[in-house]
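Following: one structure in structure tokens, then a few remarks.
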Amino acid sequence: MAPPRKSGGKAPKTNHGSEKNLKRKRGEDSLSSLIQRVEDLDLKGSLKNFADLPLSDPTARGLTASHYKTMTDIQSRAISHGLKGRDILGAAKTGSGKTLAFIVPVLENLYRRQWTEYDGLGALILSPTRELAIQIFEVLRKVGRYHGFSAGLVIGGRSLREEQDRLGRMNILLLVMDEADRILDMGFQHSVDAIIDHLPKERQTMLFSATQTKKVSDLARLSLQEPEYVAVHEAAASATPTTLQQHYVVTPLPQKIDTLWSFIRSNLKSKTVVFLSSGKQVRFVYESLRHLQPGIPLMHLHGRQKQGGRLDITTKFSQSQHAVLFATDVVARGLDFPAVDWVIQMDCPEDADTYIHRVGRTARYERVGRAVLFLDPSEEKGMLQRLEQKKVPIERINIKANKQQSIKNQLQNMCFKDPELKYLGQKAFISYVKSIYVQKDKDVFNLKDLPLEEFAGSLGLPGAPRIKFIKGDDTKERKNASWKMASMSSDEDDSDVENKKDKKDDQQVRTRYDRMFERRNQDVLAEHYHKLINDDGTIVATGAGNGAGEDADEDADFLSVKRRFVAGDAGLDQVNSDSDSDASVAKKVAIDGQEPLVIDSKRREKLLKSKKKLLKFKGKGTKLVYDDDGNAHEMYEMEDEEDFKARGDAKAQREKFLEGETERTRQADLEDKEVARDKRREKKEKRKARERALAEEEADEERGAQGFQLPYIEPMDLGTPPPSDPESEPEKDTRRPSKKVRVSFAEPESSEEESAYKRDKTKKSKKKAEPQIETLGDLEALASGLLG
Ligand SMILES: Nc1ncnc2c1ncn2[C@@H]1O[C@H](COP(=O)(O)OP(=O)(O)OP(=O)(O)O)[C@@H](O)[C@H]1O
């Protein structure tokens, strides 16, 4: 962070020194008085306004200019502790102003220490998503606008090592973690440990979340020193804002998309966030509902979009009055979209904490809001229990039957016509199944209870992609479920460092086939990919790998995909990897009973595109002859041995055979020579006939040249109007046609004129009736007509 700004304005030279000293003295006095006031601050007392706090002038002005006057509960309790340099574990409901609760102490503590850029990086604020980092950065810039510190935003794509230059000396006094429980969970483990290793042990640490961790292991990792647990809603009746109305509807999985559609159609004048479990789900639902044009702007946001696009959508949705945003949990935490009316959870959240954060996108800071959770009957009991345990008041509502619309037929039509949509649907299906499978809370999520076939139908798919799971012990998978849910989506979060590590791991266990498949899936619209998809969408997935990786593109986490290949008409049939549980075999394609062709490189992959190249692998084929009954036989068939012996001595038979064959060859040779002679004769006759015809043609042409005129095209003078138009003046610029150039076809009245007319007519009769020519364009058209 940079040094405080130097004061502006010019002082008279004579007084310069003394005035500067005076100013510094005043500054020192106010700084030491500020430090004293902070020391004197009574942590037990309850302060109401920001003005009651011992704050520096720049912070106080920044808060006023940003229209913050009265403090929220978490602010009034946490800021005091923060100002005094205490470690804090802050917990308060969503939308209750936790951001300012740490921004104010950050600004103030650096200010009181007169932190300059030469001191290095003084404070580090971590957030689990890029969007949230940007939002915090904006609040810091707004409230800290009268300070001279500089702040940097480090987001996206690059590893911590690459960012090190930008971070400068990590001389951190203050570490803040927003959404700390999320940052500290397994998905970010490596990144967080790497960061913490670089920080001085002596520092102030502040953790905030609506669902704060109290796990000793977490606190130990951060070396918190006697942290102050500031939990403002611990005693509250509910963990969610009181201004939030919460409901759930029981809607079987195959009806969810219909229910969502019906909801959107009935709430066209609302601002809604719809949560789904994966980026693939988001994309499919967004794309398909967009095609149906519901009458309200639709947007979508997930972690695999490009950063620029993500920002645009965040901004656009923030500014929208009425819109629907389909999103993954990448927006579940911290984002402060203004005036959201509804939060719909189309896919059940992983746990009650995620539920709390998702619904927290509405009913923020004293505003009202509504939330609806869609539950499959199999999820109802378990999820309600979890919510009750977390003090979430939720009531059941039913869907009005007359409002429920089915879009199944439209979706089926759309998927039938548009293979890309069908493909998205298949990926969404797989991704959904995968998300349920990796859930560790089996009281809520049980794949066996879900009607998957109907679910696929409801997405417009011709059949359910068949998915198989790892055989044997999958408890380890489940144990790591929450971490996997996180890493399934760079989708959900931006754990860049983590994902890089995951990718490395993946490469160790992934086969060439897996990578080939992924490469192909990078582009949904890839032409070749469509050739590879079986028409009935049969996908059989088996388990392999370590479960790390990203969204459904990386199905090989626990799914590997086995397809029947259809490559043009080449009759290719995929031979599956050895067993369901073994994905470590290169892709094999069997061609008409030949040795399987192993697709294990890019070059081989290309083969599938070319029928011609594939011929090489098709073998030479077998020549068959047909007998009189139409039965096929091989050209040379082995005779029955007994029959052969019955015909006599083998040597005599051989000689007889050779004699016969020699005679047959001689006869055939004679016939061939006869045919060749005939062909030569025929050729000669044809040549002579051609020569005769040519000679006759030449004689005809000679006769024609004497008796016939070639057609004559009269040249047109664009500069001189015809004499029949008395009004016309000759144009000065002869390059341009006169506007009044006209060709008149009216018959003249006087006899003089009549004879002139007749003369003229004979001359002109060779020409067809000429159209009116008014522009150069007309002339050009006419000329081209004549010449053409
Ligand atoms: N003292 C205040 N007076 C008026 N508005 C405030 C005050 N403090 C915060 N707000 C506003 O309340 C909204 C929510 O604040 P903030 O985003 O900090 O909530 P949060 O507790 O961090 O929520 P979440 O748990 O979802 O991250 C913001 O729009 C913010 O500007």
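Since the model is a prediction, treat every value here as computed from it, not as a measurement. Every number for a ligand or one of its atoms is a count from 1 in the order of the listing.
Residue-level proximity to ligand 1 for Asp178 is absent, since no heavy atom of it falls below 4.0 angstrom.
The only member of Val282, Leu260, Thr259 that meets side-chain contact (heavy atoms from CB on, under 4.5 Å) when paired with Met346 is Leu260.
In this structure, the ring of Tyr286 has its center less than 6.0 angstrom from the ring center of His300. Between Phe208 and Phe102, the distance separating the two ring centers is shorter than 6.0 angstrom.
Heavy-atom proximity to Thr70, at under 4.0 Å, picks out these atoms of ligand 1: 1 (N), 2 (C), 3 (N). When each atom of ligand 1 is checked for a heavy atom of Ser96 under 4.0 Å away, the hits are 19 (O), 20 (P), 21 (O). Within ligand 1, counting atoms from 1 as listed, the ones closer than 4.0 Å to a heavy atom of Asp336 are 13 (C), 14 (C), 28 (C), 29 (O). Atom numbering of ligand 1 starts at 1 in the shown order; those under 4.0 Å from a heavy atom of Lys93 are 21 (O). The distance from ligand 1 to the heavy atoms of Arg361 drops below 4.0 Å at these ligand atoms: 26 (O). Atom numbering of ligand 1 starts at 1 in the shown order; those under 4.0 Å from a heavy atom of Thr99 are 16 (P), 17 (O), 18 (O), 22 (O).
By the 3.5 Å distance cut-off applied to N or O atoms, Gly97 is counted among the residues near ligand 1. Annotation: Lys69 places no N or O atom under 3.5 Å from an N or O atom of ligand 1; distance criterion only.
In summary, Asp376 and Lys256 do not engage in a salt bridge, as defined by a charged side-chain N under 4.0 Å from a carboxylate O.
For atom 8 (N) of ligand 1, the closest non-hydrogen atom on the protein side is Gln75 NE2, 2.8 Å.
Remark: the Gln307 side chain and the Arg130 side chain contain an N/O donor-acceptor pair separated by less than 3.5 Å.
Taking a 4.0 Å cut-off on heavy atoms, His357 fails to register as neighbouring ligand 1. Ligand 1 lies within reach of Gly95, whose nearest heavy atom is under 4.0 Å from it. Ligand 1 does not have Phe208 within reach: every non-hydrogen atom of the residue lies 4.0 Å or more from it.
For atom 26 (O) of ligand 1, the nearest non-hydrogen atom from the set Lys98, Arg364, Arg333, Glu179 comes from Arg364. Ranked by closest heavy atom to atom 31 (O) of ligand 1, the top entry among Phe337, Phe102, Tyr365, Tyr68 is Tyr68.
Under the salt bridge (charged side-chain N to carboxylate O under 4.0 Å, His left out) criterion, Glu388 pairs with no residue at all, not counting sequence neighbours.
Using cut-offs of 30° and 60° on the angle between ring planes, the pair Phe149 and His147 is parallel.
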Please tabulate, one pair per line, all N/O donor-acceptor pairs under 3.5 Å involving side-chain atoms of residues 266-275, not counting sequence neighbours.
{"unit_1": "Ser266", "atom_1": "OG", "unit_2": "Ser262", "atom_2": "O", "d": "2.6"}
{"unit_1": "Asn267", "atom_1": "ND2", "unit_2": "Phe263", "atom_2": "O", "d": "2.9"}
{"unit_1": "Lys271", "atom_1": "NZ", "unit_2": "Phe317", "atom_2": "O", "d": "2.9"}
{"unit_1": "Lys271", "atom_1": "NZ", "unit_2": "Ser318", "atom_2": "O", "d": "3.0"}
{"unit_1": "Lys271", "atom_1": "NZ", "unit_2": "Ser320", "atom_2": "O", "d": "2.9"}
{"unit_1": "Lys271", "atom_1": "NZ", "unit_2": "Pro338", "atom_2": "O", "d": "2.9"}

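Between the Thr328 side chain and the Gly279 main chain, no donor and acceptor come within less than 3.5 Å of each other.
Heavy-atom contacts from other residues, nucleotides or ligands closer than 6.0 Å to CD of Gln321 number 12 or fewer.
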